[in-house]
K.L.:
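Structure in structure tokens, see below.
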2 protein chains.
Amino acid sequence: MSDVKTQKVSNNEHLPESAASLLLENQVCFPLYSASNAVIRAYRPYLEKLDLTYLQYLVLMVLWEQRQLNVKSLGERLNLNSGTLTPLLKRLETKRLVERSRSKSDERARIIKITEEGLALQSRAQGIPEKLICKVGLESAELKKLADLCRHILSTIDG
Amino acid sequence: MSDVKTQKVSNNEHLPESAASLLLENQVCFPLYSASNAVIRAYRPYLEKLDLTYLQYLVLMVLWEQRQLNVKSLGERLNLNSGTLTPLLKRLETKRLVERSRSKSDERARIIKITEEGLALQSRAQGIPEKLICKVGLESAELKKLADLCRHILSTIDG
DNA sequence: AGCAATTAGGTTGTGCGCAATCTAAAATAA
DNA sequence: TTATTTTAGATTGCGCACAACCTAATTGCT
């Protein structure tokens with residue numbers, strides 16, 4: 001495969017000055033994207049023992065805190081819209097982890113309520129966060145810094 | 001909707017001590033995941049002018065640097081596997097931005113080569129990185145810190 | 001040479017993410 | 001009250017991500 005691998009240019013002086021910003025190494029958001037993918041992959045072996053995906057786990061985490069809420073509130077909490085949440089919640093309903101009813105005071109609103117079975121998963125998930133922190137391999141202060149930077153991005157972009 | 005919104009528990013003292021780690025606010029990886037989604041959303045308006053998705057843009061960025069390479073090298077560069085890359089590269093081929101040939105020295109290897117049309121997109125993409133940095137709203141030093149933390153995660157998890 | 005093991009990449013199936021669009025209910029205006 | 005606008009959520013369609021699996025080519029072993 002040497003005929004394929006040896007094509008990389010050794011420097012970029014032939015490119016216009018501004019093209020340096022289009023080099024992958026200089027991208028800020030690419031590591032963010034890759035790290036997010038990698039973390040979700042790292043969760044998988046633990047979550048599949050609970051027959052959950054990462055997003056399903058996030059939804060349950062909200063519901064462990066707050067027994068029930070509507071789709072809009074859930075979407076605001078997770079920064080996701082109904083196109084993502086509706087099919088996901090149907091899958092959680094099929095697994096009998098949540099119930100999807102309608103609000104009596106507002107027939108548009110869908111009330112998502114965790115079931116006993118859904119609540120029971122919480123204890124089985126106890127060890128997961130710590131295991132992930134180990135896998136990620138950052139100190140507590142660095143983890144906090146990372147989370148703060150990400151939250152800053154979120155408030156700037158969305159808010 | 002007050003019947004839905006007022007269900008949040010005011011504190012978590014009724015939960016076992018260890019359950020605090022299962023609160024969404026205390027998750028480290030959730031902001032990472034949300035920020036990554038938000039950044040990709042933020043790219044969209046600029047990239048759709050070039051008829052590109054974020055991942056297609058990343059692939060082209062590699063190819064602007066290195067005219068051609070095989071799928072394996074591309075996957076190592078982007079931390080993605082053939083299940084993601086193969087269909088993506090076919091779409092780029094349909095748009096005539098890349099060509100997919102076979103290596104003569106190894107018939108298994110697929111050589112991905114950027115076309116003139118693909119190269120021409122580079123100049124149209126010049127302004128994008130700067131616009132995104134503005135949208136993200138972090139200082140240069142903070143961006144570097146974020147990228148370094150993400151790269152640290154990647155090297156720990158994958159490597 | 002002959003055969004097992006490895007490697008490259010393609011295929012399949014599931015589950016996101018999300019923009020755009022739709023429907024129906026609720027809020028607001030006239 | 002009726003008409004307009006807004007809102008909640010569902011639907012559609014596309015493009016990822018990825019594990020699991022498959023095929024074919026190459027390498028390694030004896």
Side-chain angles (χ1 to χ4, degrees), chain A residues 1-5 33-45 47-48 51-59 69-76 78-95 100-112 157-158, chain B residues 1-5 33-45 47-48 51-59 69-76 78-95 100-112 157-158:
Chain A
M1 69 173 58
S2 57
D3 59 331
V4 175
K5 284 217 165 179
Y33 159 83
S34 281
S36 174
N37 285 344
V39 165
I40 292 173
R41 271 199 305 274
Y43 266 102
R44 194 180 302 261
L47 290 177
E48 71 188 8
D51 188 29
L52 292 177
T53 65
Y54 180 64
L55 181 52
Q56 289 166 11
Y57 170 67
L58 290 181
V59 168
L69 78 177
N70 58 37
V71 175
K72 178 179 165 59
S73 306
L74 190 57
E76 286 167 356
L78 298 174
N79 308 304
L80 294 168
N81 65 29
S82 68
T84 301
L85 288 175
T86 296
L88 174 108
L89 292 168
K90 286 181 178 175
R91 284 189 286 271
L92 285 178
E93 185 181 43
T94 301
K95 295 191 206 176
R100 300 165 63 245
S101 59
R102 290 285 183 184
S103 166
K104 275 160 196 156
S105 60
D106 183 346
E107 286 287 336
R108 294 170 303 178
R110 186 69 91 163
I111 299 176
I112 309 302
I157 288 186
D158 291 343
Chain B
M1 68 173 59
S2 57
D3 58 333
V4 174
K5 284 219 165 179
Y33 159 82
S34 281
S36 174
N37 285 343
V39 165
I40 292 173
R41 270 199 306 274
Y43 266 103
R44 192 180 303 261
L47 290 177
E48 70 188 7
D51 188 30
L52 292 176
T53 66
Y54 181 63
L55 181 52
Q56 288 166 11
Y57 170 68
L58 290 181
V59 168
L69 78 178
N70 58 38
V71 174
K72 178 179 165 58
S73 306
L74 190 57
E76 285 167 357
L78 297 175
N79 308 302
L80 294 167
N81 65 28
S82 68
T84 301
L85 288 176
T86 297
L88 175 107
L89 292 168
K90 285 181 177 175
R91 284 188 286 271
L92 285 179
E93 186 182 42
T94 302
K95 295 191 208 179
R100 299 166 64 244
S101 58
R102 290 285 182 184
S103 165
K104 275 158 195 157
S105 60
D106 184 346
E107 286 288 337
R108 293 170 305 178
R110 187 67 93 162
I111 298 177
I112 309 302
I157 288 186
D158 291 343

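Protein chains get the first letters and strands the later ones, always in sequence-line order, with residue 1 at the start of each. These numbers come from a predicted model, not from an experiment. The basis for the numbers below is simple: all heavy atoms, side chains too, and nothing from hydrogens, waters or symmetry mates.
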K.L.:
Do the side chain of B/Arg102 and the main chain of B/Ile111 share a donor and acceptor less than 3.5 angstrom apart?
P.N.:
no

K.L.:
Show the numbers, then the answer: is there a side-chain contact (heavy atoms from CB on, under 4.5 Å) between B/Leu89 and B/Val71?
P.N.:
CA-CA 9 Å; B/Leu89 292 168; B/Val71 174; 3.9 Å; yes

K.L.:
Rounding to a whole Å, what distance do you find between B/Tyr33:OH and D/dC18:P?
P.N.:
13 Å

K.L.:
Please report the distance, rounded to the nearest Å, between CG in A/Leu88 and P in D/dT11.
P.N.:
14 Å

K.L.:
Just the atom pairs and distances: protein N or O near nucleotides 9-12 of chain C's N or O, under 3.5 Å.
P.N.:
{"residue": "C/dG9", "atom": "OP1", "partner": "B/Val71", "partner atom": "N", "Å": "3.3"}
{"residue": "C/dG9", "atom": "OP1", "partner": "B/Arg110", "partner atom": "N", "Å": "2.8"}
{"residue": "C/dG9", "atom": "OP1", "partner": "B/Arg110", "partner atom": "O", "Å": "3.4"}
{"residue": "C/dG9", "atom": "OP2", "partner": "B/Lys72", "partner atom": "N", "Å": "2.6"}
{"residue": "C/dG10", "atom": "OP1", "partner": "B/Arg100", "partner atom": "NH2", "Å": "3.4"}
{"residue": "C/dG10", "atom": "OP1", "partner": "B/Arg110", "partner atom": "NE", "Å": "2.6"}
{"residue": "C/dG10", "atom": "OP1", "partner": "B/Arg110", "partner atom": "NH2", "Å": "3.3"}
{"residue": "C/dG10", "atom": "OP2", "partner": "B/Thr86", "partner atom": "OG1", "Å": "2.6"}
{"residue": "C/dG10", "atom": "N7", "partner": "B/Ser82", "partner atom": "OG", "Å": "2.9"}
{"residue": "C/dT11", "atom": "OP2", "partner": "B/Lys90", "partner atom": "NZ", "Å": "2.6"}

K.L.:
Atom CG of B/Leu52 to atom P of D/dC14: distance rounded to whole Å?
P.N.:
18 Å

K.L.:
Looking only at side-chain atoms of B/Leu80, point me to the closest of D/dA25, D/dC18, C/dG15.
P.N.:
D/dC18

K.L.:
Nearest 0.5 Å please: distance from the NZ atom of B/Lys72 over to the OG atom of B/Ser82.
P.N.:
11.0 Å

K.L.:
Are side-chain heavy atoms of A/Leu88 and A/Thr84 found at a separation under 4.5 Å?
P.N.:
no

K.L.:
Are side-chain heavy atoms of B/Leu85 and B/Ile112 found at a separation under 4.5 Å?
P.N.:
no

K.L.:
Is there a side-chain polar atom (N or O) of B/Thr53 under 4.0 Å from OP1 or OP2 of D/dC16?
P.N.:
yes

K.L.:
Mind calculating the distance between CG (B/Leu47) and C1' (D/dG15) to the nearest angstrom?
P.N.:
13 Å

K.L.:
Please tell me whether B/Ser73 and B/Asn70 have a donor and an acceptor in their side chains that are separated by less than 3.5 angstrom.
P.N.:
yes

K.L.:
Let me know the distance between CG of B/Asn81 and P of D/dC16, rounded to the nearest Å.
P.N.:
13 Å

K.L.:
Is the distance from OP1 or OP2 of D/dA17 to the nearest side-chain N or O of A/Tyr54 less than 4.0 Å?
P.N.:
no

K.L.:
B/Lys104 NZ to D/dT26 P: how many Å, rounded?
P.N.:
14 Å

K.L.:
Figure out the CG/P separation between B/Asp106 and D/dT26, and round it to whole Å.
P.N.:
5 Å

K.L.:
Strictly below 4.0 Å, heavy-atom distances to any atom of DNA chain C: list the hits from residues 37-45 of chain A, or just say none.
P.N.:
none

K.L.:
Any non-hydrogen side-chain atom of A/Arg41 less than 4.5 Å from a side-chain atom of B/Asp158?
P.N.:
yes

K.L.:
Take the protein atom NZ of A/Lys95 and the nucleotide atom C1' of C/dT14, then report the distance between them rounded to whole Å.
P.N.:
11 Å

K.L.:
Describe, in one word, how the ring planes of B/Tyr33 and A/Tyr54 are oriented to each other, choosing from parallel (under 30°), tilted (30 to 60°) and perpendicular (over 60°).
P.N.:
perpendicular

K.L.:
Just jot down the salt bridge (Lys or Arg N to Asp or Glu O under 4.0 Å) partners of B/Arg91, sequence neighbours excluded, or say none.
P.N.:
none

